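Here the structure comes first, spelled out in structure tokens, and everything after it is commentary.
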Amino acid sequence: MFQAKSASLALRAASRASASHVLRSAAYSTATEVKKITVIGSGLMGAGVVQVAAQSGFEVNMVDLKQDFLAKGEKIITSSLKRVAKKKHADDAAAQQRFIDDVMSRVHLSTDSARAASESQLVIEAIVENLKTKQSLFKALDGAAPQETIFVSNTSSLPIGDIASATARKDRFAGLHFFNPVPQMKLVEIIRTAETSDQVFDTLFAVTKKMGKVPVACKDTPGFIVNRLLVPYMMESLRLVERGDASMQDVDTAMKLGAGYPMGPFELMDYVGLDTIKFITDGWYTAGKGLVGDKLIAPSSLLEKHVKAGEFGRKSGKGFYSYEGVGADKGKK
Ligand code: CAA
Ligand code: NAD
């Protein structure tokens with residue numbers, strides 16, 4: 001269940017985030033020192049979080065179910081680091097390689113989540129968007145990690161309080177919502193439940209600032225800030241095309257050139273993952289507090305068709321557009 005929280009607590013959290021320059025020293029004085037972070041899940045988001053954490057000087061354990069998945073995650077990181085290195089050291093190939101090697105020296109691969117969590121002050125979960133799977137992971141980690149270790153989820157849509165309920169550390173549990181592509185997007189949403197302690201909030205605030213991100217605070221409410229606005233917009237764009245009012249290509253062009261968005265909604269859905277969009281909207285439609293049955297997020301036959309066909313967007317080579325042969329991180333065909 002979503003946790004209700006007093007208005008004063010929300011305001012305090014929000015003002016701490018927005019007045020960071022004034023409150024920094026007071027806020028940081030209560031923060032726990034984080035040296036080692038464990039990131040669980042080495043997919044699109046997990047790999048990005050590992051990269052920015054290691055680039056910011058943290059030691060990082062990257063965990064996934066199989067070595068193959070870890071190798072994929074490592075590849076995502078090195079190809080992104082190459083872009084960063086080229087910008088940092090334009091004409092110096094040796095310096096580019098030194099930069100990449102230095103960052104990668106802080107990344108440790110593992111398939112043993114309990115062991116990785118046992119040596120970390122912060123565990124960031126970025127696995128599949130499924131409540132039961134996330135709960136069973138955190139339940140297992142709760143017994144393995146030290147008392148003071150903070151647990152956070154990068155969930156796009158699930159209630160943080162529901163995930164935390166599987167553990168006995170609800171005061172040391174929060175949401176830490178990064179955006180895709182993590183190395184490029186500056187925002188992180190910090191989600192507090194009514195039970196998240198001030199010390200934990202301060203620690204997460206300090207960690208995200210150290211990562212070069214801009215943190216904002218939000219209550220544990222469906223979609224937090226960004227997805228509450230972005231996901232209904234995506235669903236409306238699907239309905240526009242389903243009704244035959246405009247073509248997918250024209251909707252994308254219109255939103256880029258008429259509204260100044262960097263990607264049109266169909267390009268963005270392919271970028272995020274169509275399976276992830278479906279997990280989010282199905283979850284809200286059937287269980288999201290205040291959103292159950294809401295027509296804004298009602299199932300879309302066009303989305304269903306692509307997901308059923310295994311067309312998840314860039315990560316699978318095909319979604320609304322085709323990416324075969326051009327690489328998941330490059331342009332569409
Ligand atoms: N790693 C490192 N750098 C990257 C990168 C990556 N994976 N992806 C892009 N970049 C950098 C590039 O190096 C480039 O940097 P410079 O401008 O300094 O040269 C810059 O980003 C722009 O990249 P490109 O020129 O390749 O491409 P672009 O101009 O089309 O931008 C984009 C790509 C940044 C992804 C841009 O299209 C964009 O901002 N799209 C919208 C992304 C968005 O809305 N994300 C949020 C999704 S919702 C979400 O994440 C929440 C959820 O829960 C679902
Ligand atoms: P993904 O499918 O790319 O990666 C998930 C990874 O988790 C896979 O490598 C999988 O093998 C691994 N995994 C699954 N169960 C595991 C377990 N028990 N232990 C260890 N590893 C496990 O997914 P993603 O797009 O990176 O999304 C991850 C999370 O981040 C989801 O909760 C999603 O909602 C959220 N998120 C996604 C986006 C996005 O744009 N894709 C943006 C923000 C937040």
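On a predicted model such as this, the values are computed, not experimentally measured, just so you know. Position 1 is the first residue of the sequence, and the numbers go up from there. Just follow the structure's listing: the first ligand is 1, and inside any ligand the first atom is 1. All values below were derived from every heavy atom in this structure, side-chain atoms included, with hydrogens, water molecules and symmetry-related copies excluded.
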Numbering as shown, the atoms of ligand 1 that approach S156 to under 4.0 Å (heavy-atom distance): 52 (C), 53 (O), 54 (C)

ring-ring contact (aromatic ring centres under 6.0 Å, His included): pairs with one or both residues in residues 94-126, sequence neighbours excluded: none

Min heavy-atom dist H177 to ligand 1 below 4.0 Å: yes

Expected output: side-chain Q51 to main-chain P183 donor-acceptor under 3.5 Å: no

Distance-only N or O hit between ligand 1 and Q51, under 3.5 Å: no

Protein N/O near ligand 2 N/O, under 3.5 Å, which pairs?
| residue | atom | partner | partner atom | Å |
| --- | --- | --- | --- | --- |
| ligand 2 | 3 (O) | L44 | N | 3.1 |
| ligand 2 | 9 (O) | D64 | OD2 | 2.6 |
| ligand 2 | 11 (O) | D64 | OD1 | 2.7 |
| ligand 2 | 21 (N) | D64 | OD1 | 3.4 |
| ligand 2 | 26 (O) | L44 | N | 3.4 |
| ligand 2 | 26 (O) | M45 | N | 2.8 |
| ligand 2 | 30 (O) | N154 | ND2 | 3.1 |
| ligand 2 | 32 (O) | I127 | O | 3.2 |
| ligand 2 | 32 (O) | E129 | OE1 | 2.5 |
| ligand 2 | 32 (O) | K134 | NZ | 2.8 |
| ligand 2 | 34 (O) | E129 | OE1 | 2.9 |
| ligand 2 | 34 (O) | S156 | OG | 2.7 |
| ligand 2 | 36 (N) | S156 | OG | 3.1 |
| ligand 2 | 40 (O) | N180 | ND2 | 3.3 |
| ligand 2 | 41 (N) | V272 | O | 2.9 |

NZ/NE/NH1/NH2 to OD/OE distance under 4.0 Å, K278 and E304: yes

Per-atom contacts of ligand 1 with P183, taking only distances under 4.0 Å to non-hydrogen atoms: 1 (N), 2 (C)

Side-chain donor-acceptor pair present, T155, E129, cut-off under 3.5 Å: yes

Those atoms of ligand 1 less than 4.0 Å from some heavy atom in P181: 7 (N), 8 (N), 35 (C)

M234, R83, E267: member with heavy atom nearest to atom 8 (N) of ligand 1: R83

Numbered atoms of ligand 1 (with element) below 4.0 Å of V272, judged on heavy atoms: 47 (C), 48 (S), 54 (C)

Numbering as shown, the atoms of ligand 1 that approach P262 to under 4.0 Å (heavy-atom distance): 36 (C), 37 (O), 38 (C), 39 (O), 40 (N), 41 (C)

Salt-bridge contact D275-K315 (side-chain N to carboxylate O under 4.0 Å): yes

Student check: side-chain heavy atoms of M248 and V251 closer than 4.5 Å: no

Salt bridge flag under 4.0 Å for residues D198 and R192: yes

Ring geometry between F179 and H177 (parallel below 30°, tilted from 30 to 60°, perpendicular above 60°): tilted

Any residue meeting side chain to side chain donor-acceptor pair (under 3.5 Å) with S153, in chain and number order, not counting sequence neighbours: E125

Partner residues of F320 under the ring-ring contact (aromatic ring centres under 6.0 Å, His included) criterion, sequence neighbours left out: F266, H306

For M263, atoms of ligand 1 separated by under 4.0 Å from a heavy atom: 35 (C), 37 (O), 40 (N), 41 (C)

Side chains of D142 and T167, donor plus acceptor under 3.5 Å: no

Per-atom contacts, ligand 1 versus N180 - under 4.0 Å to a heavy atom: 42 (C), 43 (C), 45 (N), 46 (C), 47 (C), 50 (O)

Within-shell test, V226 vs ligand 1, heavy atom, strictly < 4.0 Å: no

Proximity flag Y261 to ligand 1, non-hydrogen atoms under 4.0 Å: no

Proximal ligand 1 atoms for L268, defined as those under 4.0 Å from one of its heavy atoms: 42 (C), 43 (C), 44 (O), 47 (C)

Residue part near ligand 1, for I277, under 4.0 Å between non-hydrogen atoms: neither

Shortest reach to atom 48 (S) of ligand 1 by a heavy atom, considering only V182, T155, L230: L230

Carboxylate-amine/guanidinium proximity below 4.0 Å for D68 and K66: no

Modelled atom types, side-chain donor and acceptor of S197 and D171, under 3.5 Å: no

